[in-house]
Amino acid sequence: MLGATGSIGVSTLDVIRRHPQRYQVFALTACRSVEKLYHQVLEFQPRYAVMTDADAAAELRQRLAATAVTTEVLAGADALVDVAKADDVDQVMAAIVGAAGLLPTLAAAEAGKRVLLANKESLVMAGPLFMRAVEEGGAQLLPIDSEHNAIFQSLPGQYQGDFTQHGINKILLTASGGPFRGYSAEQLQQVTPAEAVAHPNWSMGQKISVDSATLMNKGLELIEACFLFHCQPEQVQVVVHPQSVIHSMVQYCDGSVIAQLGQPDMRTPIAYGMAWPERIDAGVAELDLFALAQLNFEAPDATTFPCLQLAADAFAAGGTLPAVLNAANEIAVEAFLAEQISFTAIPTAIRAAMQAHTWQAADSLDDILQADDWARHFTRDWLAHACRQEDAF
Ligand code: NDP
Ligand code: MG
């Protein structure tokens with residue numbers, strides 16, 4: 001469990017809790033949340049607990065010493081990689097947020113695990129490299145992102161990446177539209193971090209909540225879909241569906257549209273990924289269509305929310321551009337959450353980074369990590385400079 005203390009981590013542990021005969025936790029990992037990880041370790045008693053922050057690891061070790069639990073506490077980012085590829089591990093839930101998830105998720109793919117992919121950023125940053133690692137490592141890659149999980153469920157079982165062979169016309173990638181759906185550009189300038197993280201349907205970590213509000217989440221998901229399902233952006237249509245009940249669809253050449261529906265509760269895709277091809281109880285309430293009454297659809301407003309197009313541009317450019325997009329977004333979102341920049345400065349900063357970057361092929365992990373590092377420095381400097389001239393925003 002990479003990222004055990006986060007929103008996906010907690011939901012995953014809830015599914016595991018319901019199936020003690022079926023699953024055993026080998027390792028739980030977090031960055032700094034000692035209190036949360038401590039309680040999770042007491043309950044699940046994994047062989048290892050990893051904290052990337054050394055002080056946090058020391059504190060956890062000390063607290064566990066006073067208990068009967070025999071879990072070994074490891075510290076540092078290398079330990080994430082070690083537990084992700086350990087021999088006794090069958091499946092790895094990749095639920096660290098952001099670029100920090102790349103190395104351990106990649107390690108799990110190389111080691112041929114079942115990789116339950118929530119950490120979409122690793123696929124955005126390193127798509128071709130990651131997909132190659134999955135193939136060469138003999139890993140099973142199962143999408144946990146609700147939309148991609150729905151697409152996976154709506155594609156033919158034998159699907160290997162050829163739309164024509166299966167009569168597939170396009171993927172319909174649904175989006176809730178986020179908390180600011182229908183807002184004008186002027187209204188967006190005034191929105192606060194508290195408003196941005198208050199998602200209408202989903203309860204998620206702060207970073208992905210802001211991504212949902214800017215539509216960058218849908219941009220990252222567009223890239224994620226292209227790599228996972230071996231298709232082009234033109235074959236993926238974004239459909240805003242405010243109720244978040246249809247989690248995505250596949251449209252076929254005979255006019256059929258196959259959709260997956262369910263409550264907006266991540267335990268459904270998590271349980272599906274963990275048990276596939278079987279299905280297990282996820283603790284999710286039945287969908288009540290009478291209570292729901294309506295399903296609505298509209299086109300995304302790509303002008304007011306430019307992040308969707310920025311992501312499509314980054315994918316089209318390829319090479320190091322998607323890693324730059326991702327890193328610039330992480331820094332801009334951090335600055336917005338810290339109330340240093342306005343909401344509308346997020347896409348402006350990302351665009352600036354993409355324009356300033358010198359395109360490079362992303363043949364190796366080093367190329368990608370260097371582009372990530374460059375974009376973080378560039379965006380920090382750019383925002384510090386732009387913030388001093390406040391009227392820029
Ligand atoms: P959270 O912010 O809730 O949790 C993030 C987890 O990652 C925490 O366990 C955190 O530990 C850990 N973490 C953060 N930084 C680091 C780091 N530098 N090194 C190691 N571990 C770190 O995020 P979510 O659960 O919302 O999202 C996780 C991933 O899943 C993201 O990639 C997101 O896009 C994706 N996803 C999430 C969905 C959701 O519903 N939440 C839906 C679809 C995809 P600590 O608590 O110690 O900080
Ligand atoms: Mg999603």
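Order of listing sets the numbers, starting from 1, for every ligand and every atom in it. Note that this is a predicted model, so its numbers are computed, not measured.
When each atom of ligand 1 is checked for a heavy atom of R32 under 4.0 Å away, the hits are 45 (P), 47 (O). Set against the non-hydrogen atoms of A100, the atoms of ligand 1 under 4.0 Å away are 17 (C), 18 (N), 19 (N). Each of the atoms 9 (O) of ligand 1 lies under 4.0 Å from some heavy atom of A4. With ligand atoms numbered from 1 in the order given, ligand 1 contributes 32 (O) to contacts under 4.0 Å with heavy atoms of N119. Atom numbering of ligand 1 starts at 1 in the shown order; those under 4.0 Å from a heavy atom of G3 are 6 (C), 7 (O), 9 (O).
The shortest N or O to N or O distance between I8 and ligand 1 is below 3.5 Å. Residue D145 has no N or O atom closer than 3.5 Å to an N or O atom of ligand 1. For A30, no nitrogen or oxygen atom sits less than 3.5 Å from a nitrogen or oxygen atom of ligand 1, counting backbone and side chain alike. Residue G205 has at least one nitrogen or oxygen atom sitting less than 3.5 Å from a nitrogen or oxygen atom of ligand 1, judged on distance alone. For a threshold of 3.5 Å applied to N or O pairs, the pair formed by T29 and ligand 1 contains no separation below that value. Looking at L80 next to ligand 1, no N or O pair under 3.5 Å apart turns up. Between S7 and ligand 1, an N or O atom pair is found at a separation short of 3.5 Å. Between S146 and ligand 1, a contact under 3.5 Å exists for no N or O pair.
For atom 8 (C) of ligand 1, the candidate residues are L103, L2, T5; the nearest heavy-atom contact is made by T5. Closest to atom 36 (N) of ligand 1 by heavy atom, among I208, V97, L37, is I208.
The single protein non-hydrogen atom nearest to atom 28 (C) of ligand 1 is A95 O, 3.4 Å, given as residue, atom name and distance. Closest to atom 34 (O) of ligand 1, if we only count protein heavy atoms, is K120 CE, 3.3 Å. Among all non-hydrogen protein atoms, the one lying nearest atom 15 (N) of ligand 1 is C31 CB, 4.0 Å. Looking at atom 45 (P) of ligand 1, its nearest protein heavy atom turns out to be S33 OG, 3.3 Å. Nearest protein heavy-atom contact of atom 4 (O) of ligand 1 is G6 CA, 3.1 Å.
Of all the heavy atoms of T52, the ones lying under 4.0 Å from any atom of ligand 1 belong exclusively to the side chain. By the criterion of a heavy-atom distance under 4.0 Å, neither the backbone nor the side chain of A77 is placed next to ligand 1. If you look at M266 next to ligand 1, the close heavy atoms, those under 4.0 Å, all belong to the side chain. Under 4.0 angstrom from ligand 1, the non-hydrogen atoms of I96 come from both its backbone and its side chain. When non-hydrogen atoms are compared, ligand 1 lies under 4.0 Å from the backbone of A118 as well as from its side chain.
Proximity of a side-chain donor or acceptor of Q235 to a complementary backbone N or O of Q232 within less than 3.5 Å is detected.
Residue E121 places a heavy atom less than 4.0 Å from ligand 1. A heavy-atom separation below 4.0 Å is not found between G9 and ligand 1.
With respect to the salt-bridge test (charged N to carboxylate O, under 4.0 angstrom), the residues E330 and R376 qualify. At a threshold of 4.0 Å, the pair E298-R181 counts as salt-bridged, since one of the basic side-chain nitrogens sits closer than that to a carboxylate oxygen. A salt bridge links E43 and R17; the closest N-O separation between the charged side-chain nitrogens and carboxylate oxygens is under 4.0 Å. The pair E121-K207 counts as a salt bridge, with a side-chain nitrogen and a carboxylate oxygen less than 4.0 angstrom apart. A salt bridge between E234 and K170 is absent, with no side-chain N of the basic residue lying under 4.0 Å from a carboxylate O of the acidic one. Residues R114 and D90 are not paired through a salt bridge, judged by the lack of any N-O separation under 4.0 Å between the basic side chain and the carboxylate. Under a 4.0 Å N-O distance rule, the pair K120/E221 qualifies as a salt bridge. Using a 4.0 Å cut-off between charged side-chain N and carboxylate O, R47 and D88 make a salt bridge.
Ring geometry for F336 against F343 counts as perpendicular: the plane angle is over 60°, on a 0 to 90° scale with 30° as the lower cut. In this structure, F227 and F315 have perpendicular ring planes: the angle between them is above 60°, well past the 30° mark. Between H357 and W374, the two ring planes are tilted [angle within 30° to 60°].
Excluding water, every protein N/O/S atom under 2.8 Å from the Mg ion (ligand 2) is given here by residue and atom: D145 OD1, E147 OE1, E221 OE2.
A donor-acceptor pair shorter than 3.5 Å cannot be found between the side chains of D366 and Q370. A donor-acceptor contact closer than 3.5 angstrom links the side chains of D367 and S364. Side chains of D14 and S11: a donor-acceptor N/O pair is absent below 3.5 angstrom, by distance only. A side-chain donor-acceptor contact under 3.5 Å links S122 and N119. Judged purely by distance below 3.5 Å, without hydrogens or angles, the side chains of Q243 and N201 never pair a donor atom with an acceptor atom.
For R32, the CZ atom is loosely surrounded, since the number of other residues' heavy atoms within 6.0 Å does not exceed 12.
Residues M216 and I350 share a closest heavy-atom pair of CE-CD1, 3.6 Å.
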